[in-house]
2 protein chains.
Amino acid sequence: MNLKELSQKLGLSQTTVSRALNGYPEVSAATRKRVQEAAKASNYRPSTRAKGLATGKALTIGHVIPVSSKHEIVNPVFGDFIAGASETYARNGYEMLLSIVDDAQEEQIYRGMKSRQSVDGVIVHGPKMNDLRIGLLSDLGLPFAVHGRASGCDIPYTWLDMNNRQAFERATRYLLELGHRRIGLINGLEEMDFAYRRRNGYIAAHRSYGIATDPQLMRSDEMTEAFGYESSRDMLRQANPPTAIIVSSLICALGARRAVEEHGLTMGKDVSIVSHDDVFSYLQNGNATPIFTATRSSVRDAGRQLAEMLLNVIRNPTAPPRTVLLDAELVIGGSTGPAPRKD
Amino acid sequence: MNLKELSQKLGLSQTTVSRALNGYPEVSAATRKRVQEAAKASNYRPSTRAKGLATGKALTIGHVIPVSSKHEIVNPVFGDFIAGASETYARNGYEMLLSIVDDAQEEQIYRGMKSRQSVDGVIVHGPKMNDLRIGLLSDLGLPFAVHGRASGCDIPYTWLDMNNRQAFERATRYLLELGHRRIGLINGLEEMDFAYRRRNGYIAAHRSYGIATDPQLMRSDEMTEAFGYESSRDMLRQANPPTAIIVSSLICALGARRAVEEHGLTMGKDVSIVSHDDVFSYLQNGNATPIFTATRSSVRDAGRQLAEMLLNVIRNPTAPPRTVLLDAELVIGGSTGPAPRKD
DNA sequence: TAAGGCAGCCAAAGCGCTTTGGCTATGATT
DNA sequence: AATCATAGCCAAAGCGCTTTGGCTGCCTTA
């Protein structure tokens with residue numbers, strides 16, 4: 001069923017039917033009602049393609065998920081982020097186009113999206129420091145919004161980020177207050193902007209306590225369970241092992257716990273662990289009482305909000321970019337305790 | 001840059017330029033080369049919408065991810081499955097449209113996709129027993145392929161599934177051979193087809209050993225870490241606790257391990273655990289030696305393959321549906337051992 | 001009573017492509 | 001020399017919508 005057929009069936013012109021369905025005022029109430037009912041009855045929905053051609057809007061948002069060819073890892077935050085964004089799109093009549101793409105091809109993908117006009121805007125995931133995509137999208141004139149920020153990009157753009165630095169400074173300080181003096185950091189990949197900020201927070205807290213950080217206690221890589229396990233194990237094997245570890249993701253933290261227990265140590269007593277918790281739906285940090293003490297910020301909420309912000313950029317392209325900095329809360333769970341006394 | 005501009009610049013008709021770029025024979029080699037170079041130079045790419053309108057193809061595949069309103073959980077298998085499918089689409093010039101959708105609205109979404117012609121076909125995720133979607137899509141005439149199967153749907157359709165029943169029968173038998181006689185089952189939601197088949201395998205193995213299964217040892221719910229933990233904890237608290245547990249997902253298995261250790265027991269000695277491993281990229285089951293003994297089948301491979309199958313359905317709609325049944329391998333890790341002797 | 005305003009409808013153009021049905025040379029065939 | 005393929009190009013229609021620019025008839029207003 002298309003517009004033509006529907007209008008013929010109703011004995012009206014395509015113009016009138018179109019206007020009736022799209023809420024234009026030049027249609028009598030009676031006609032509008034008749035049209036709407038007929039549309040529903042014959043299950044009519046306008047072709048997205050034709051509508052897009054006519055209006056120049058795609059009513060579609062692109063999400064480009066980078067998968068490093070080296071690691072081949074799909075960051076688990078995307079699932080929940082996208083679920084959040086999707087809610088916003090559904091409410092606003094937008095659809096979501098997903099490209100999972102090798103780092104190297106990313107530029108081509110964005111250029112393609114622009115020239116084929118397949119999307120009205122894109123969400124940039126996983127910004128790196130000095131991320132090239134921001135300049136590119138800005139040059140292309142393709143509306144975008146960034147989940148995170150890119151240190152070193154000085155052009156203004158729309159972003160939503162969590163206060164990574166402050167969260168990790170607070171978490172580190174919390175451990176320092178508990179008396180810990182050797183604190184490990186298991187972080188995401190060096191080049192990721194969030195990892196850079198988190199490390200800065202970790203270092204700042206140490207500095208304010210007049211304590212030097214030890215490169216031996218700082219690791220960064222793709223945040224898998226295995227990475228959490230191996231780096232914790234290696235740290236614990238050192239001559240002067242840490243009494244606490246800060247971990248950038250719950251998944252890593254599961255690995256860290258495994259290492260701690262394998263060493264015959266007790267988490268929260270012999271070794272304290274603080275994690276960041278993105279609040280994945282399938283990986284709650286305990287129910288009533290959190291398992292891990294954690295800095296917490298829901299990535300799903302972030303998705304909802306950032307999608308909303310992008311739609312605003314699209315609706316109002318000349319407005320100055322808006323930015324949102326979310327605060328992570330620090331929830332205290334069972335994985336931390338006072339630093340053990342040296343006997 | 002659009003076709004009209006490009007053809008004017010070249011002094012050719014739109015027809016010729018279009019044919020040159022799409023590989024039709026009615027164009028001289030010299031002209032074709034000239035057109036291709038000009039297209040590349042001016043970064044021309046045809047508008048997907050216009051092309052779609054003209055050809056009737058969307059060059060887009062829809063993925064509808066159901067999120068139960070009750071649980072609000074994004075199944076972590078989707079991330080890797082989609083990454084796999086995406087590789088296939090990229091190779092074939094297709095794009096991926098994602099809808100994350102409340103169970104209740106699913107029918108509307110499929111009808112919408114059909115009538116708006118926004119996709120050429122869809123992948124059905126997470127089939128339930130007697131899944132209504134299969135009949136619906138079949139009626140709508142929207143090409144589809146199912147990741148899994150739906151017991152009770154007798155119309156033929158294209159699917160790719162893992163041999164759930166056999167995998168769990170083998171895993172259970174492995175534990176029985178090790179002398180375990182009380183084996184717990186922590187399974188996915190009852191209504192999911194895969195859960196039904198896995199339970200059947202579990203039961204069949206018991207039966208072939210002449211052992212009755214105990215309802216007290218069988219749980220099923222959304223497969224979160226917390227669910228794995230809580231059900232294991234409850235089982236271990238029973239008067240006659242299991243000496244082994246089979247778990248439907250690594251994420252659940254992490255929870256199960258937590259419960260085992262919290263009970264002061266050792267995994268692989270006091271309690272054996274076998275899991276299913278979907279080979280998530282961020283959650284490897286150990287490196288050299290697997291942590292968990294597990295039935296293993298890569299969901300990413302499944303995505304690659306099923307996408308290929310769907311494209312075939314689209315290209316050749318009248319061909320009889322093809323089906324693929326993957327065998328899961330059983331990898332032996334450190335989480336299983338002989339049943340402890342009763343003293 | 002004539003002029004003007006407006007509510008309510010319509011025909012047709014246009015969005016950027018593909019594709020049908022030509023047309024015109026050129027070279028081969030008889 | 002006349003006929004016929006054929007290679008190589010083009011104009012125009014059509015895909016399903018929106019939107020511009022009317023047109024008609026009724027109701028106000030002076």
Side-chain angles (χ1 to χ4, degrees), chain A residues 1-36 38-39 42-60 93-95 112-120 315, chain B residues 1-36 38-39 42-60 93-95 111-120:
Chain A
M1 173 68 56
N2 59 25
L3 227 210
K4 194 173 175 184
E5 291 162 15
L6 183 62
S7 56
Q8 279 168 356
K9 182 189 275 187
L10 283 161
L12 288 167
S13 73
Q14 295 190 37
T15 311
T16 303
V17 175
S18 169
R19 302 211 123 135
L21 293 174
N22 291 315
Y24 284 80
E26 308 90 330
V27 181
S28 74
T31 306
R32 167 162 292 134
K33 196 174 165 218
R34 197 161 68 91
V35 171
Q36 283 169 338
S42 39
N43 206 25
Y44 167 77
R45 244 156 300 193
S47 147
T48 327
R49 289 197 295 266
K51 191 162 186 158
L53 235 206
T55 58
K57 314 249 146 237
L59 291 181
T60 299
Y94 276 76
E95 317 209 72
M113 283 182 164
K114 171 68 181 179
S115 50
R116 313 157 85 162
Q117 309 176 69
S118 43
V119 300
D120 295 328
R315 283 192 272 258
Chain B
M1 173 66 55
N2 59 23
L3 226 211
K4 192 173 178 185
E5 291 162 15
L6 182 62
S7 57
Q8 278 169 355
K9 183 190 272 188
L10 284 161
L12 288 167
S13 74
Q14 296 190 37
T15 310
T16 304
V17 175
S18 170
R19 304 211 121 134
L21 293 174
N22 290 317
Y24 284 80
E26 309 88 329
V27 182
S28 74
T31 306
R32 166 161 293 136
K33 197 175 164 214
R34 198 162 67 91
V35 171
Q36 282 169 339
S42 37
N43 205 26
Y44 167 76
R45 245 157 300 192
S47 148
T48 326
R49 288 197 295 267
K51 192 164 185 155
L53 235 206
T55 57
K57 316 247 144 237
L59 291 180
T60 300
Y94 276 76
E95 316 208 73
R111 288 192 181 279
M113 284 183 163
K114 171 67 181 181
S115 51
R116 314 157 84 162
Q117 309 175 67
S118 43
V119 300
D120 295 328

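The sequence lines fix the lettering, A, B, ..., with proteins before strands; numbering per chain opens at 1. Everything numeric here is computed off the predicted structure, so don't read it as measured data.
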Worksheet item: Below 4.0 angstrom from OP1 or OP2 of C/dT18, is there any side-chain N or O of B/Asn22?
Response: yes
Worksheet entry | Residue-phosphate contact under 4.0 Å: A/Ser47 side-chain N/O, D/dG16 OP1/OP2 | no
Worksheet item: Backbone N or O of A/Ser13 within a donor-acceptor pair of the A/Thr15 side chain at under 3.5 Å?
Response: no
Discussion item. Would you say A/Tyr44 places a side-chain N or O within less than 4.0 Å of OP1 or OP2 belonging to D/dC17?
Written reply: yes
Worksheet entry | Nucleotide nearest A/Ala50 when distance is taken to its side chain, options D/dC10, D/dG16, C/dG16 | D/dG16
Item to complete: Could you tell me the separation between the CG atom of B/Leu12 and the C1' atom of C/dC17, rounded to a whole number of Å?
Response: 17 Å
Item to complete: State which of C/dT19, C/dC17, D/dT18 makes the closest approach to the side chain of B/Lys51.
Response: C/dC17
Worksheet entry | Close side-chain approach of A/Leu10 to A/Arg34, heavy-atom, < 4.5 Å | yes
Practice prompt. Remember a base hit wins even if backbone is also touched, and classify B/Arg49 as base, sugar-phosphate or nothing at under 4.0 Å, heavy atoms.
Written response: nothing
Item to complete: Give a yes/no answer on whether the side chain of B/Thr31 brings an N or O atom under 4.0 Å of OP1 or OP2 in D/dC9.
Response: yes
Discussion item. What is the distance, to the nearest angstrom, from the CG atom on A/Leu3 to the C1' atom on C/dG14?
Written reply: 15 Å
Worksheet item: D/dT19 phosphate, OP1 or OP2: any side-chain N/O from A/Thr55 under 4.0 angstrom?
Response: no
Worksheet item: Between atom CZ in B/Arg34 and atom P in D/dG8, what is the gap in whole Å?
Response: 14 Å
Fill in: Considering all heavy atoms, the nearest B/Tyr94-B/Asp120 contact
CE2-OD2, 3.7 Å
Worksheet item: Is any side-chain nitrogen or oxygen of B/Ser18 closer than 4.0 Å to OP1 or OP2 of C/dT18?
Response: yes
Worksheet item: If only side-chain N and O atoms of B/Tyr24 are considered, is one of them under 4.0 Å from the OP1 or OP2 phosphate oxygen of D/dG8?
Response: no
Response to the item:
5'-most contact on DNA chain D (nearest-nucleotide basis), B/Pro25 vs A/Arg45, goes to B/Pro25
Worksheet item: Counting N and O atoms only, with roles assigned by atom type, does the side chain of B/Arg32 sit under 3.5 Å from a partner on the main chain of B/Ala20, one being a donor and the other an acceptor?
Response: yes
Practice prompt. Find the distance B/Arg32:CZ to D/dG8:C1' and express it as a whole number of Å.
Written response: 11 Å
Practice prompt. From the options C/dC10, C/dC17, D/dC15, select the nucleotide whose nearest atom is closest to the side chain of A/Thr16.
Written response: C/dC10
Worksheet item: Going by modelled atom types, is there a donor-acceptor pair between the base of C/dT19 and the side chain of B/Thr15 at under 3.5 Å?
Response: yes
Fill in: Separation of atom CZ in A/Arg116 from atom C1' in C/dC17, rounded to whole Å
13 Å
Worksheet item: Considering all heavy atoms of both residues, which atom of B/Leu6 and which atom of B/Ser42 are nearest to each other, and what is their separation?
Response: CD1-OG, 3.7 Å
Practice prompt. Check the distance between C/dG16's P and B/Leu21's CG and give it to me in whole angstrom.
Written response: 17 Å
Worksheet item: From D/dT18, C/dC10, C/dC17, pick the nucleotide closest to the side chain of A/Arg19?
Response: C/dC10
Practice prompt. Could you tell me whether a side-chain N or O of A/Arg19 sits under 3.5 Å from a main-chain N or O of A/Val27, the two making a donor and an acceptor?
Written response: no
Discussion item. Can you measure B/Leu10 atom CG to D/dC9 atom P for me and round it to whole angstrom units?
Written reply: 12 Å
Discussion item. Nearest whole Å is fine: how far is D/dC23 P from A/Glu26 CD?
Written reply: 17 Å
Worksheet item: Which nucleotide in the list C/dG16, D/dT19, C/dC15 gets nearest to the side chain of A/Ala54?
Response: C/dC15
